[in-house]
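What you see is a predicted model, and the numbers here were worked out from it, not measured in a lab. In each ligand, atom 1 is the first atom listed, and ligand 1 is the first ligand listed.
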Amino acid sequence: MANEFVYAQPVKIWFGEGQFARLGEILDELQLKRCVIACGRHFAPEAEALMEKLDAVCAVFGEVEANPQLSGIAETARLAREHEADAVIGIGGGSSLDTAKFAAAIARGEGEAEEYYRSTRPFPAERLSMIAVPTTAGTGSEVTQVSVVSHGKEKKTINNPVFMPRVAIVDPLLSASVPPRTTMNTGLDALAHALEGYWSRNHQPISDLMAIEAVRIILANLETAYRDGGNREARSRMAYAALLGGLSFALPKTAASHACSYPLSEDYHLPHGEACAFTLDSLVRINADERLEYLCRAVGLKDTEELAARIRALKELGGLRCRLSELGEVDLDKLCRDCAAHPLMNNNPVKMDEAKLREMFEALA
Ligand code: NAD
């Protein structure tokens, strides 16, 4: 165990079925009077209806797409300026939350969104409040200071305290409509957060506890949530586990499976969760050590081999791609080079250089 660590978690969390219906009350409590909502098309009608229902909601940007573009962030920030907003509410998966986080951080600034994205202008000292309403049980973005943004084909993770939400409203009922494949992708993303937070070189004891609990809950509930999306118990447990997953990697940060997910998403167009899951079972085997064996026993598994097999079985159940041959024509040299160069790779407990990555990917041929 680490003898020294710093633990902080500044987000106030409202969790439970029906919490989203209390949005008006929560905005009153926070004294927020002018809010802009950022969401995808699925929640756009509901967001428009909120504008009618709540005086504090004054505008909606309802076109956030998966792998959110900087242009959507610029438009959300423009609406916030136009309406002199005091908060941005993100409703949706990680894409909507990350859009709202970035827009809230820059709305009070003078510059263009691209200047902040390229770090050619510092973030303004003042920012709007950000309210995160996750709907996919995956990213944990509601409790992290990360915003993942795409600009054209480039996808960038920006880690900055200015992105930390003020409040998270985690209402499992909102995830009931997530389609099965997205349920599997996002559930495995949450599992990757917990495992990577746990095996990160910067892991720490409080985060470890949450990681173990998240792994236990996900292994017990993801299959049910996938097979029976209307199962409220499974959805509720998954929403809680995704929140714990977010908390467990927020400080230690993720490692090799997330590092590999970037080239896999950018060049082979795997959705984020599927891209993380692609290497997760391989990395369980590569990273197997006494600590990981302890986690396995703590969640009721025999050993790391059983954990790797469970992950592979979930991927196959969800119809996720498991082999390189399923990705089309793969440039293995470039894939290994790009994965090795990603900064998160340095967090992996086992050194993953290009040769080691090649060995891992060749076993997935
Ligand atoms: P997403 O936000 O891209 O959503 C996936 C799809 O599901 C979209 O089409 C969306 O409209 C739809 N959807 C969302 N909620 C729904 C619901 N309740 N019912 C029906 N459809 C619904 O997917 P995601 O996996 O949640 O987020 C992925 C993004 O988050 C990626 O860009 C990833 O890099 C990023 N991410 C961010 C963090 C962070 O800490 N900021 C962490 C992990 C991942």
Side-chain angles (χ1 to χ4, degrees), residues 11 20 38-47 62-70 72-73 90-102 104-105 130 132-151 154-165 168 170-194 196-197 225 229-230 235 238-239 242-243 245-254 257-266 269-277 318 320 342 344:
V11 185
F20 184 57
C39 63
R41 291 202 187 99
H42 181 83
F43 282 101
E46 196 161 340
E63 290 173 33
V64 176
E65 312 232 345
N67 297 318
Q69 284 288 330
L70 191 63
I73 288 167
I91 306 175
S95 300
S96 297
L97 303 194
D98 290 356
T99 296
K101 283 171 156 183
F102 205 121
M130 192 274 157
V133 186
T135 66
T136 56
T139 68
S141 175
E142 64 272 19
V143 287
T144 73
Q145 59 174 35
V146 172
S147 177
V148 187
V149 185
S150 293
H151 188 31
E154 183 185 51
K155 181 170 172 177
K156 203 161 148 180
T157 296
I158 309 177
N159 196 316
N160 193 309
V162 297
F163 295 138
M164 193 60 99
V170 186
D171 184 338
L173 291 177
L174 297 174
S175 61
S177 51
V178 179
R181 194 174 168 131
T182 307
T183 299
M184 186 57 78
N185 282 340
T186 53
L188 289 174
D189 185 23
L191 183 62
H193 291 153
E196 297 227 283
R235 289 293 195 188
M238 283 304 301
L243 173 68
L247 290 166
S248 56
F249 86 90
L251 295 175
K253 302 198 176 61
T254 52
S257 103
H258 273 75
C260 293
S261 81
Y262 285 83
L264 289 168
S265 283
E266 281 172 23
H269 312 293
L270 267 57
H272 177 74
E274 184 171 0
C276 294
L320 274 52
H342 197 283
L344 286 173

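Ligand 1 has no nitrogen or oxygen under 3.5 angstrom from a nitrogen or oxygen of Y262. Below 3.5 Å of separation, one finds an N or O of L174 facing an N or O of ligand 1. Checked by distance only, ligand 1 and F249 stay at 3.5 Å or farther apart across all their nitrogen or oxygen atoms. Between G94 and ligand 1, a contact under 3.5 Å exists for at least one N or O pair. Considering backbone and side-chain N/O atoms, S147 never comes within less than 3.5 Å of an N/O atom of ligand 1.
Side-chain atoms of T183 come within 3.5 Å of backbone atoms of V178 as a donor-acceptor pair (strictly under, hydrogens ignored).
Protein heavy atom closest to atom 8 (C) of ligand 1, with residue, atom name and distance, is A66 CB, 4.9 Å. Atom 11 (O) of ligand 1 has as its closest protein heavy atom H42 CB, 4.5 Å. Of the protein's non-hydrogen atoms, T136 CG2, 3.4 Å is the one closest to atom 14 (C) of ligand 1. Scanning all protein heavy atoms for the shortest distance to atom 15 (N) of ligand 1 gives T135 OG1, 2.7 Å. Nearest to atom 3 (O) of ligand 1 among the protein's heavy atoms is S95 OG, 2.6 Å. Annotation: atom 25 (O) of ligand 1 to nearest protein heavy atom, T186 CG2, 3.3 Å. In this structure, the protein non-hydrogen atom closest to atom 19 (N) of ligand 1 is S177 OG, 2.8 Å.
Going from atom NE2 of H193 over to atom OG1 of T254 covers 6.5 Å, rounded to the nearest 0.5 Å. How far CD of E274 is from OG of S261: 11.5 Å, rounded to the nearest 0.5 Å.
For the pair F43 and ligand 1, a heavy-atom separation below 4.0 Å is found. Residue-ligand proximity: G40 is placed with every non-hydrogen atom at 4.0 Å or more from ligand 1. A heavy-atom separation below 4.0 Å is found between K101 and ligand 1.
Interface of H272 with ligand 1, defined as ligand atoms under 4.0 Å from a residue heavy atom, comprises 31 (C), 33 (C), 34 (O), 43 (C), 44 (C). Of all the atoms in ligand 1, the ones that sit under 4.0 Å from a non-hydrogen atom of N67 are 32 (O). Of all atoms in ligand 1, numbered sequentially from 1 with element shown, those under 4.0 Å from a heavy atom of T144 are 39 (C), 40 (O), 41 (N).
Looking only at side-chain heavy atoms (C-beta outward), H258 and D189 come within less than 4.5 Å of each other. With a 4.5 Å cut-off on side-chain heavy atoms, V146 and K253 do not count as touching.
Residues R181 and L320 share a closest heavy-atom pair of NH2-CA, 4.1 Å. Of all heavy-atom pairs between P134 and V170, the closest is CG-CG2, 4.0 Å. Of all heavy-atom pairs between G90 and L97, the closest is O-CD2, 3.2 Å. E142 approaches A168 most closely through the heavy-atom pair CB-CB, 3.8 Å. Shown here for L344 and Y262, the closest heavy-atom pair between the two residues is CD1-CE1, 4.5 Å. The two residues A225 and M238 make their nearest non-hydrogen contact at CB-CG, 4.1 Å.
Per-atom contact check: atom 43 (C) of ligand 1 touches the protein, criterion being a heavy-atom distance below 4.0 Å. For atom 17 (C) of ligand 1, the nearest protein heavy atom lies under 4.0 Å away.
Between R41 and E65 there is a salt bridge, since at least one side-chain N of the basic residue sits less than 4.0 Å from a carboxylate O of the acidic one.
In this structure, the side chain to side chain contact (heavy atoms under 4.5 Å, CB included) partners of S147, at least two apart in sequence or on a different chain, are D98, F102, V149, F163.
Residue K155 holds the heavy atom nearest to atom 31 (C) of ligand 1 of all those in H258, K155, R235. Nearest to atom 6 (C) of ligand 1 by heavy atom, out of N185, T182, L188, D98, is T182. Nearest-residue assignment for atom 28 (C) of ligand 1 (options T139, L173, V143, T254; heavy-atom criterion): T139.
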What's the verdict on side chain to side chain contact (heavy atoms under 4.5 Å, CB included) for V148 and K155, showing C-alpha distance, side-chain angles and the deciding distance?
-> CA-CA 7 Å; V148 187; K155 181 170 172 177; 3.3 Å; yes
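Looking at H193 against ligand 1, only its side chain comes within 4.0 Å, counting heavy atoms.
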